[in-house]
Amino acid sequence: MIIKRHLGLVLVTLLLAGCAGFNNAKKASGKDIGEDEKNPDERIPLLREYHLPEDMVFLPASFSWPAVAPGVGVITREQNDPGAGLSEHEKETLAESFQTAYIEGQLRQSSLEGVLGGDFVHGWPPVAPLSWVQNWRDRSSSPNTWGIPSLVLAIRGITGNAVFIVRGVILNMYGRSRGINGANGVTGYGAPLSEEFLYNGGIAQCFDYGLIHAGAAGTEAFIPHKLPVSEEETSMPGAVGDFPGNDRAIRDDFQKAWQRGTHSNLRGLNPDGSVQRIDFSEKPWEIPADSGTIHIDALYFQSFNQGSVLFLLARSRNAPFQTRIIAGPFLNAFLAGKDNPLPGTSSASIPTTVSPGGFTEALLQGLGLYGIPLTDAYPALEGGTYREAQRFSRGWMGYPPILPSTSAASFSILMDLKISAERR
């Protein structure tokens, strides 16, 4: 039989209706667990201690699954473009990768407003394309070397499997003719391999041919042939995404996350074991959202580097989740336990379990407090300093101020939370 976990959750409202339906969850690892295994959590012990980071807060917020704007991912019909020669399945897969990136941009608080000028996904450069690209509009973008203030570029390498957005100061450098052989764009820098990440006091983005680095003071530089990790660390361990039953979709999604993390300065990502599953198929976990209730059927997770990094994937019948990475202070806060919530959470929202201890219980408690991670951690420039935030289904985790577009009211809430934490 499969051991069942019965979890209770008290509904609360704190700028967001609480998570509901952590009921009848089943712990599984691809096969039934024997009745004589009284405490399955002992199979996955906590690999380290998780201490609540200082100064970090949680900003509760309502959640609505982003809508994809019309035209996003639509492939050009130009006969001279390589898109015209793709099969229907290849076109569908390519279109979905752009739509996924658009949702990612919305979740990261980008002010995306759809396709710029009715542009289509097309090969770039036109002769001997190195990438697929589509021009999008972002109302928060600033003037840049491309001469279009609202421009952001959504780019996928011609042989890649993911689309990344190039914007802001990185986009400005991407338009300068300082890349390989004095070229700009994809010809000089290559296609992006990651989103932006914190790096040497500023931000950076990894490209095929090197790193573009931008400091908080507005300085920009291209470091050719540079990756954020060593060449040895770019070799993926075979156990990444390993799940009993050899679920190809699970493996592929975890491996995409591994590549994304490696190119975003997460070093030496070595799995601690195989992928584990928490099954909600008998009664899905229901997450209230402004766009309608989201039903979670299962959670898949894998830890790395002795519990220092966590990959987490939610499987839903009505929302296209991706594997997300929780690391550093965000993971410490997420797994610190129900007795150590961040300022901004409520103890009444924490689920309780009938079986003690273990990694799975800590994970479920983190989900009860903060919800499912919707993004990886991402940087934002505030007051001349880059800070990180991470979006969860119940709000944002980060350091005040944590949102690029935080309203005055929300900022006041953040500062009140920080002051309250300091007085405790």
Side-chain angles (χ1 to χ4, degrees), residues 1-14 16-33 40-41 44 60-67 96 100 103 107 241 243-245 247-254 257 275-302 310-324 326 334-335 338 345-346 348-355 358-375 391-395:
M1 62 178 280
I2 295 178
I3 297 293
K4 295 184 178 180
R5 304 188 175 282
H6 301 277
L7 308 174
L9 182 61
V10 180
L11 296 178
V12 296
T13 302
L14 179 59
L16 172 66
C19 300
F22 260 130
N23 298 313
N24 300 315
K26 306 182 292 185
K27 174 68 175 55
S29 59
K31 60 183 179 180
D32 288 353
I33 300 173
D41 270 337
I44 313 175
S62 60
F63 169 57
S64 180
W65 195 262
E96 287 179 353
T100 296
I103 291 173
L107 292 171
F243 182 69
D247 189 314
R248 182 61 181 269
I250 297 293
R251 180 183 292 273
D252 287 350
D253 212 72
F254 273 72
V275 175
Q276 302 293 319
R277 181 181 68 196
I278 304 173
D279 191 359
F280 298 96
S281 59
E282 288 186 4
K283 187 172 183 179
W285 172 25
E286 296 182 351
I287 300 178
D290 293 349
S291 53
T293 301
I294 296 174
H295 300 275
I296 305 298
D297 298 308
L299 294 168
Y300 297 85
F301 63 95
Q302 186 172 29
L310 178 68
F311 286 13
L312 182 64
L313 171 64
R315 277 291 182 87
S316 170
R317 65 191 66 179
N318 60 346
F321 290 97
Q322 299 181 62
T323 299
R324 293 302 176 186
I326 315 178
F334 191 74
L335 296 180
K338 60 185 177 66
T345 58
S346 170
S349 67
I350 304 171
T352 58
T353 68
V354 296
S355 59
F359 194 93
T360 305
E361 181 173 342
L363 172 61
L364 290 172
Q365 290 176 354
L367 289 165
L369 282 167
Y370 310 109
I372 292 175
L374 303 176
T375 69
R391 180 60 157 116
F392 293 79
S393 58
R394 300 197 63 200

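Values below: all heavy atoms of this structure, side chains included; hydrogens, waters and symmetry mates excluded.
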Arg315 side chain to Asp279 backbone, donor-acceptor under 3.5 Å: no

Note, Phe392 side chain near Leu374 side chain (heavy atom, < 4.5 Å): no

Verdict with reasoning, Ile294 to Trp285, per side chain to side chain contact (heavy atoms under 4.5 Å, CB included): CA-CA 8 Å; Ile294 296 174; Trp285 172 25; over 6 Å; no

Any donor-acceptor N/O pair, Asp297 side chain to Ser316 backbone, under 3.5 Å: no

Within-4.5 Å side-chain heavy-atom neighbours: Thr323 and Leu312: no

Side-chain donor or acceptor of Thr293 paired with backbone N/O of Glu286 under 3.5 Å: no

Residues that Arg248 engages under side chain to side chain contact (heavy atoms under 4.5 Å, CB included), provided they are two or more places apart: Asp252

Test item: Arg324 side-chain N/O and Phe311 main-chain N/O as donor-acceptor pair under 3.5 Å: no

Over all atoms of both residues, closest heavy-atom pair of Pro244 and Val275: CD-O, 4.1 Å

Minimum side-chain heavy-atom gap Ile296-Pro284 below 4.5 Å: no

Side-chain heavy-atom pair Leu367, Phe334 within 4.5 angstrom cut-off: yes

Non-hydrogen atoms of Ser393 and Gly371 that approach each other most closely: OG-CA, 3.2 Å

Audit row: Leu363, Leu310, side chain to side chain contact (heavy atoms under 4.5 Å, CB included) steps and yes/no: CA-CA 10 Å; Leu363 172 61; Leu310 178 68; 4.0 Å; yes

Side chain to side chain contact (heavy atoms under 4.5 Å, CB included) assessment of Phe301 paired with Phe359: CA-CA 11 Å; Phe301 63 95; Phe359 194 93; 3.8 Å; yes

Asp290 vs Trp65 side-chain heavy atoms within contact, under 4.5 Å: no

Close side-chain approach of Ile372 to Ile287, heavy-atom, < 4.5 Å: yes

Ring centre gap for Phe254 and Tyr300 strictly below 6.0 Å: no

Check: Gln322 and Asp253 side chains under 4.5 Å, non-hydrogen atoms: yes

Distance in Å, Ser62 OG paired with Arg394 CZ, rounded so as to fall on 0.5 Å steps: 12.0 Å

Worked check of side chain to side chain contact (heavy atoms under 4.5 Å, CB included) between Phe63 and Arg391: CA-CA 10 Å; Phe63 169 57; Arg391 180 60 157 116; 4.1 Å; yes

Check: Gly241 main-chain N/O paired with Gln302 side-chain donor or acceptor under 3.5 Å: yes

